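A quick write-up on the structure given underneath.
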Amino acid sequence: MRRLVFNPWSIAAVGFLAMAQLPAHKGIQAAAAEKPAAGITLPLKTGSVRFAVIGDSGSGDAAETQVALQMEKTRRLSNFDFVLMVGDNLYGGSSPGDYEQRFGKPFKPLLDRGVKFYAALGNHDNTNETGYAPFNMGGNRYYSFRKADVQFFVLDSNYLDGPQIDWLKGELEKSTAAWKIAYLHHPLYSSGKRHGSDMDLRTVLEPILKNYGVQVVLQGHDHVYERVKAQGGIVYFVVGNSGQLRSGGLGMNGIKEAGFDTDRCFMVVEISGDELYFQTISRAGETVDSGAIKRTAGGIASAP
């Protein structure tokens with residue numbers, strides 16, 4: 001049972017900031033692109049930060065292996081060098097054989113080429129995973145790392161207790177990165193029929209993320225892909241179908257900008273200056289969503 005311990009600071013004092021009131025450094029602009037043909041359409045700019053995103057990947061079955069193979073094909077074209085894992089990294093156990101079957105074996109082509117993985121914990125994960133070297137968690141349930149001008153804040157949404165909330169506020173406050181990206185397992189916003197939005201989590205986290213200028217949140221748990229309409233200056237993605245799939249699992253609740261619930265997929269992201277480009281690719285190599293998010297001087301504008 002996930003427990004939420006509310007920090008004594010006043011959520012009401014922070015408030016839910018209106019879009020028109022967002023300070024300039026928090027402004028973003030999301031623009032969706034038409035579905036392009038299979039292949040990499042990111043700009044691949046010199047010096048950009050490039051990474052992939054997977055979620056709910058730890059099935060160890062043929063579909064996960066096919067996702068991993070497609071990721072390696074994409075890596076050859078895009079040259080991403082690390083992968084974010086938004087939880088449920090291992091289903092069914094955490095013995096040495098489980099790590100090998102559900103992670104080491106499927107992702108061997110990427111691991112052999114030096115691609116690093118940075119994991120968050122999901123509800124099907126054992127906390128012992130924090131000590132598994134290839135997950136690069138350093139023994140911690142929650143942690144932060146930085147790549148150039150992008151800082152990542154990795155949260156444990158299974159146990160969002162007071163110390164973790166205080167840690168997050170402290171890390172965000174001292175961050176000098178232009179881009180702040182948080183990722184966790186349980187979604188603050190989701191159109192998934194099975195789980196949907198976690199309102200308790202949203203009540204606690206959303207004011208913090210807004211107040212400290214987080215621009216993007218990556219989530220899993222619902223076994224679908226979804227890009228949520230920008231909420232208060234933050235773009236939320238659900239990437240919960242890299243290993244498990246809930247076919248037809250996307251509902252209609254008014255927050256979905258784009259979605260994919262008929263096969264497994266993963267994301268590739270490139271960040272260069274004030275531009276974040278994303279491309280979501282199925283295990284068959286089809287691009288199912290793509291677009292750009294721009295940090296702007298004032299306000300935000302969502303894609304039509």
Side-chain angles (χ1 to χ4, degrees), residues 40 49-145 147 152 154-158 181 183-186 218-223 225 237-246 263-269 280-285:
I40 288 297
V49 176
R50 302 174 204 161
F51 57 94
V53 184
I54 57 176
D56 301 70
S57 58
S59 60
D61 61 10
E64 179 190 0
T65 299
Q66 290 160 3
V67 167
L69 290 173
Q70 192 62 240
M71 289 174 67
E72 169 55 18
K73 292 178 183 178
T74 302
R75 184 203 62 80
R76 294 174 197 165
L77 298 173
S78 66
N79 200 32
F80 68 77
D81 59 359
F82 63 101
V83 179
L84 311 183
M85 306 174 73
V86 299
D88 282 2
N89 314 304
L90 297 176
Y91 289 101
S94 56
S95 69
D98 292 318
Y99 284 102
E100 177 62 19
Q101 180 64 29
R102 295 171 173 80
F103 177 75
K105 186 176 178 180
F107 293 103
K108 187 176 188 301
L110 292 164
L111 293 166
D112 285 350
R113 286 156 182 81
V115 175
K116 285 194 171 185
F117 290 72
Y118 296 90
L121 293 175
N123 56 295
H124 285 281
D125 292 318
N126 189 311
T127 54
N128 290 337
E129 291 178 27
T130 61
Y132 181 54
F135 284 173
N136 289 292
M137 301 180 74
N140 302 306
R141 293 190 298 115
Y142 46 91
Y143 60 102
S144 178
F145 64 100
K147 302 284 187 177
F152 300 90
V154 191
L155 305 178
D156 178 10
S157 57
N158 295 299
I181 297 177
Y183 65 98
L184 69 169
H185 186 62
H186 300 88
L218 303 166
Q219 316 158 115
H221 200 41
D222 273 315
H223 296 164
Y225 166 78
F237 293 87
V238 177
V239 189
N241 61 341
S242 301
Q244 298 277 24
L245 173 68
R246 187 158 291 115
D263 202 354
R264 279 77 169 177
C265 70
F266 62 96
M267 285 182 68
V268 182
V269 179
T280 305
I281 302 170
S282 76
R283 60 172 168 163

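Throughout, numbering of the chain's residues begins at 1 and tracks the sequence. Values in this document were obtained by computation on a predicted structure and should not be read as measured data.
Atom CG in D156 sits 10.5 Å away from atom CG in N123 (nearest 0.5 Å). Expressed to the nearest 0.5 Å, how far NE2 of H124 lies from OG of S94 amounts to 13.5 Å. Taken to the nearest 0.5 Å, the OG atom of S95 stands 11.5 Å off from the CG atom of N128. The line from CZ of F51 to CG of L218 is 6.5 Å long, rounded to the nearest 0.5 Å. In this structure, the separation between NE2 on H223 and CG on L245 is 9.0 Å, given to the nearest 0.5 Å.
Within 6.0 Å of atom NZ in K147, more than 12 heavy atoms from other residues, nucleotides or ligands are found, so the atom counts as buried in its surroundings.
The two atoms that bring N89 and A119 nearest to each other are ND2-CB, 3.8 Å, heavy atoms only. Between A68 and L110, the closest heavy-atom pair is O-CD1, 4.3 Å. For the pair M85 and S57, the tightest heavy-atom approach, listed with the atom from each and the gap, is CE-OG, 4.0 Å. In terms of heavy atoms, T74 sits closest to V268 at CG2-CG2, 3.6 Å. The shortest heavy-atom contact between F107 and R102 is CE1-O, 4.5 Å. Taking each heavy atom of G55 and V86 in turn, the nearest pair found is CA-CG2, 3.4 Å.
With contacts defined as side-chain heavy-atom distances shorter than 4.5 Å, the pair M137/L121 qualifies. Contact of the F266 side chain with the Y225 side chain is not registered, since no non-hydrogen atoms from C-beta on lie closer than 4.5 Å. Within the 4.5 Å cutoff, side-chain heavy atoms of L184 are placed close to those of Q219. Between L111 and F117, the closest side-chain pair of non-hydrogen atoms falls below 4.5 Å. Proximity of V154 to F145: side-chain heavy atoms (C-beta onward) are separated by under 4.5 Å at one or more points. You'll find the side chain of I54 reaches within 4.5 Å of the side chain of M71, heavy atoms only. Residues I281 and I40 have side chains in contact (heavy-atom distance under 4.5 Å, counting atoms from C-beta outward). Using a 4.5 Å heavy-atom threshold, the side chains of R75 and R113 count as touching.
Between the side chain of S157 and the main chain of H186, a donor-acceptor pair closer than 3.5 Å is present. Checked by atom type and distance alone, the side chain of D56 pairs as donor or acceptor with a backbone atom of H221 at under 3.5 Å. Listed for the Q70 side chain is a donor-acceptor partner under 3.5 Å among the backbone atoms of R283. In this structure a side-chain-to-backbone donor-acceptor pair under 3.5 Å is present from D125 to L90. With hydrogens and angles ignored, the 3.5 Å screen pairs no side-chain donor or acceptor of S282 with any backbone N or O of R264. Remark: the backbone N or O of G60 is paired with a side-chain donor or acceptor of E64 at under 3.5 angstrom.
When ring centroids are compared, F135 and F103 come within the 6.0 Å threshold. You'll find the ring centres of F152 and F82 inside the 6.0 Å limit.
Checking each of D61, L69, V67 against T65 for a side-chain contact (heavy atoms from CB on, under 4.5 Å) leaves exactly one that passes, namely L69.
At a cut-off of 3.5 Å, with distance as the only test, no side-chain donor of N158 or H185 sits close to an acceptor on the other residue. No donor-acceptor contact under 3.5 angstrom links the side chains of Q244 and D88, judged on distance only.
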